[in-house]
Structure formats: structure tokens, C-alpha cells
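Below: one structure, written as C-alpha cells.
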Amino acid sequence: MSSQQLPGGGMSNYSGYTKLCKGLAVVLAGGHIVVQIFPSAVSYLALIPAKTIPFAWNLVTAGYVEQSIPGVFISIIGLLFIGKLLEPIWGSREFLKFIFVVNFLTSVCVFVTAISLYYITTQEIYLYMPISGFQGVLSGFLVGIKQIIPDQELSLLKIKAKWLPSIALLLAVVVSFFTTDSAAHLPTVIFGTYIGWIYLRYWQRKSETKLKGDPSDEFSFSSFFPEPLRPVIDPVATIFERLLCGRRSESSDESRGYTLGGSVLPSSDPIEASRRRERGARALEERLAAESLTAPGMSDETKRDAAENV
């Protein structure tokens, strides 16, 4: 697929947000307001490992509670703009399912990590630090962008979309050296990225093929790393895939099939995965074009019809 550029400027970039994204944005804003008015609510809504049992619901609620103004601002903007790209292609139900799964499993991984760090270091800060925020899901969204429009170039940054998750992880690691609360954010970004990849790689069901996941080489774990590091990453990634997923894609040999979700996929599936990405890019272009032609006075019903046709 040839390199393309994301459209820049224009009122279409600031309109066309889906109802689901707007609703989730209200939830994020509401969660921030609640913890500002009632600071004690953090103890019940944020992920505090020492209190997760019996307050197990914080494995879900923590992802929707932003404790800082910059955090809630970044989360809402990221949700609206990235959701505008992903939801029309995935569908509202799949989009919401992705958010729930990534948020919940990221919280579980962060909880296990915090408990492990406490037993290793015996520092109680890992047990009582309130961890919350939407950054885990946002990191998973970037993996979705990498999958759907990997070769699309960001006009401002002059980089391809496939490198967004890797750059976000690198920035999170760098920032962690200069902040005192890195333990509250860095694991969330790391696990959000990894769970997002696991979900899209193995679990997401494709309606057009009735199969799960994306076994293509372009979406392998080593594709998050620069080319010189991939020979080192691939063997390690294979071990983790076998341990965590119980299966791996046999992408190194064209004569062998892909074992995925208990089904043997033919060797032509990477081609189908590439076609899915091309269709996703075309759907995005058509949707943005339709928005640019939408008159300001057009009814909401007509706009919905145009989006559904895309």
C-alpha cells in the first residue's frame, strides 16, 4: 500500500465525532469532576492494589478516572480524534469491546505488577499508590492505527502511523526518568500497548473472513522495533506468544499454514490481512471525503447515513 498523508486542516477535522466517543468523553470528564469535588472517591474508583480486594470494581473504573487536568484533556482529545478513525471501520460494538477488554486486562496486569514489585522491594508505595487514567486504552488505540493504516504518513510529524505505538512507549519511558510518579503511568502504557496488540493479533473477529486476528508479518510483535533489532526480538516474542497465547503464527515459511484460535489458516491469509488494511484506508479516505462535502445545514440523519455507507 502506497504512503498516504492524513488530511490536515479543515472543519471536518473538528466534526463528525461519533455518539459513542462523545458519551465516553462525558464519562471521562465526569470522573475527573467527581474526584475533584470528592477527593475521597479516588480510594474507591482508582486502582489501589492494597484495596483491590475486596474493591475489585476498580479494575474497571480506574481506566475512566483522570486525576489531573492535563490527563483528562489528553484523554478526551485522543478518544475523540482516534475514535473518529477507528470506530467507523471496526463498528461501534467492536470498538466498545476493545476499550473494555484493553482497559480491564491492563488494570489486571498493573495490579499483578504492583503486587510483585511490593514483594520484591517491600516498599508499600506500590500497594497504596492510586493508579488511574485512560492512557492504557489510548496506547491500544495507537496499535489499532498501526494495524489499519500503517503506511499513512502524519503530515506534522513526517513519520508513518505504524511507528506511533513505539514512539509513545519510548516517550513514556523517557518521561519516567524525570517524574516521581512514573510507577503510576508507565506500566499502564506498556500493558495497554501489549494488550491492544494481543487483542488485535489473536482475538478480534473479522466479519469479512469469519476468522480471528491478524497473522500478517507486518503486524508481528517485532514490527514494533527497528529492523536491525528484529532478529533478536523474534525468538523472544515467539516464547512469550507460546506462553501467553498458546499459539504462534508460522510466518517464516510460506509452505506452512497459520495456527490461530484453534483453526489452521491458509498461507494466503497475510495477503487477506493486507487487503483488510487497504480497505480500512479506503474507508477512512471515503469517510473524510464525505465529511468535507457535508453541508453545515445537513441533518444528523443524513450524516449518519453517509457514515453507514462508508
Trace of the side chain to side chain donor-acceptor pair (under 3.5 Å) decision for Gln135 with His185: CA-CA 8 Å; Gln135 60 268 17; His185 301 291; 3.1 Å; yes

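- Nearest heavy-atom pair, Ala46 versus Pro130, reported as atom, atom and distance to 0.1 Å: CB-CB, 4.1 Å.
- Cation-pi geometry between Lys146 and Phe224 is met: the NZ or CZ atom falls under 6.0 Å from the ring centre, inside 45° of the normal.
- Using a 4.5 Å heavy-atom threshold, the side chains of Gln123 and Met129 count as separate.
- Using modelled atom types, one side-chain atom of Gln36 and one backbone atom of Gln67 make a donor-acceptor pair closer than 3.5 Å.
- Of the inter-residue distances, the one linking Gln152 atom CD with Leu85 atom CG reads 8.5 Å to the nearest 0.5 angstrom.
- Counting only distance, with no hydrogens or angles, the side chain of Ser75 and the backbone of Val72 share no donor-acceptor pair below 3.5 Å.
- Within the structure, the salt bridge (charged side-chain N to carboxylate O under 4.0 Å, His left out) test picks out the following pairs touching residues 219-229 (sequence neighbours left out): Glu227-Arg230.
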side-chain contact (heavy atoms from CB on, under 4.5 Å) between Leu86 and Ile89, intermediate numbers included: CA-CA 5 Å; Leu86 296 181; Ile89 297 174; 5.8 Å; no

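- Ile149 places none of its side-chain heavy atoms less than 4.5 Å from the side chain of Lys162.
- Closest approach of Gln147 to Phe219, counting heavy atoms only: CB-CE1, 3.5 Å.
- A side-chain donor-acceptor contact under 3.5 Å links Arg201 to the backbone of Asp214.
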Less than 3.5 Å apart, which donor and acceptor atoms pair up between the side chains of residues 103-116 and the rest of the protein, not counting sequence neighbours?
unit_1 : atom_1 : unit_2 : atom_2 : d
Asn103 : ND2    : Val60  : O      : 2.9
Thr106 : OG1    : Val102 : O      : 2.6
Ser107 : OG     : Leu59  : O      : 2.9
Ser107 : OG     : Asn103 : O      : 3.1
Thr113 : OG1    : Cys109 : O      : 2.8
Ser116 : OG     : Val112 : O      : 2.8

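- Ile99 CD1 to Glu94 CD: the interatomic distance, rounded to the nearest 0.5 Å, is 10.5 Å.
- In this structure, Phe81 and Phe141 have side chains that are not in contact, with every pair of non-hydrogen atoms separated by 4.5 Å or more.
- Within the 4.5 Å cutoff, the side chain of Val173 has no heavy atoms near those of the Val189 side chain.
- Membership of the apolar cluster around Tyr44 extends to Phe55, Trp57, as traced through chained side-chain contacts below 4.5 Å between ILVMFWY residues.
- Distance alone, capped at 3.5 Å, places no donor-acceptor pair between the Glu66 side chain and the Gly31 backbone.
- Remark: Lys22 fails to qualify as a cation-pi partner of Tyr17 under the 6.0 Å distance and 45° angle criteria applied to the six-membered ring.
- Under the 4.5 Å side-chain heavy-atom criterion for Ile, Leu, Val, Met, Phe, Trp and Tyr, Ile53 and Tyr128 are members of distinct hydrophobic clusters.
- Qualifying salt bridge (charged side-chain N to carboxylate O under 4.0 Å, His left out) partners for Glu124, counting only residues two or more places apart in sequence or in other chains: none.
- Looking at residues two or more places apart in sequence or on another chain, you find a ring pair (Phe, Tyr, Trp, His ring centres under 6.0 Å) between Phe221 and Tyr194, Trp197, Phe225.
- At distances below 3.5 Å, not a single donor-acceptor pair connects side-chain atoms of Thr122 with backbone N or O atoms of Tyr119.
- Grouping the Ile, Leu, Val, Met, Phe, Trp and Tyr side chains by contacts below 4.5 angstrom, directly or via other members, places Val65 apart from Ile77.
- No side-chain heavy atom of Thr193 sits less than 4.5 Å from a side-chain heavy atom of Leu142.
- When the side-chain contact (heavy atoms from CB on, under 4.5 Å) test is applied to Ser92, the partners found at least two apart in sequence or on another chain are Leu20, Glu87.
- The closest side-chain heavy-atom distance from Cys21 to Phe95 is below 4.5 Å.
- A single hydrophobic cluster is seen to contain both Leu138 and Ile159, as judged by linkage of ILVMFWY side chains at heavy-atom distances under 4.5 Å, directly or through other members.
- Here the NE2-CD1 distance, from His32 to Ile76, works out to 9.0 Å after rounding to the nearest 0.5 Å.
- In this structure, CD1 in Ile48 is found 9.0 Å from CD1 in Ile131, a value given to the nearest 0.5 Å.
- Between Gly192 and Ser139, the shortest heavy-atom contact is C-CB, 4.1 Å.
- Under the 4.5 Å side-chain heavy-atom criterion for grouping Ile, Leu, Val, Met, Phe, Trp and Tyr, Val143 is connected to Leu171 within one hydrophobic cluster.
- Within 6.0 Å of atom CG in Leu229, more than 12 heavy atoms from other residues, nucleotides or ligands are found, so the atom counts as buried in its surroundings.
- Side-chain contact between Leu28 and Leu79 is present, with heavy atoms from C-beta onward closer than 4.5 Å.
- Between atom CD of residue Gln204 and atom CZ of residue Phe98 there is a gap of 8.0 Å, rounded to the nearest 0.5 Å.
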Leu186 vs Val175, side-chain contact (heavy atoms from CB on, under 4.5 Å): CA-CA, chis, key distance, verdict: CA-CA 9 Å; Leu186 182 59; Val175 170; over 6 Å; no

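- Taking CG from Leu47 and OG1 from Thr188, the interatomic distance works out to 8.0 Å, rounded to the nearest 0.5 Å.
- Minimum interatomic distance between Gly71 and Ser68 (heavy atoms only, all atoms of both residues): N-OG, 3.1 Å.
- Val34 and Leu24 fall into different hydrophobic clusters, where Ile, Leu, Val, Met, Phe, Trp and Tyr residues are linked whenever their side-chain heavy atoms come under 4.5 Å apart, directly or through other members.
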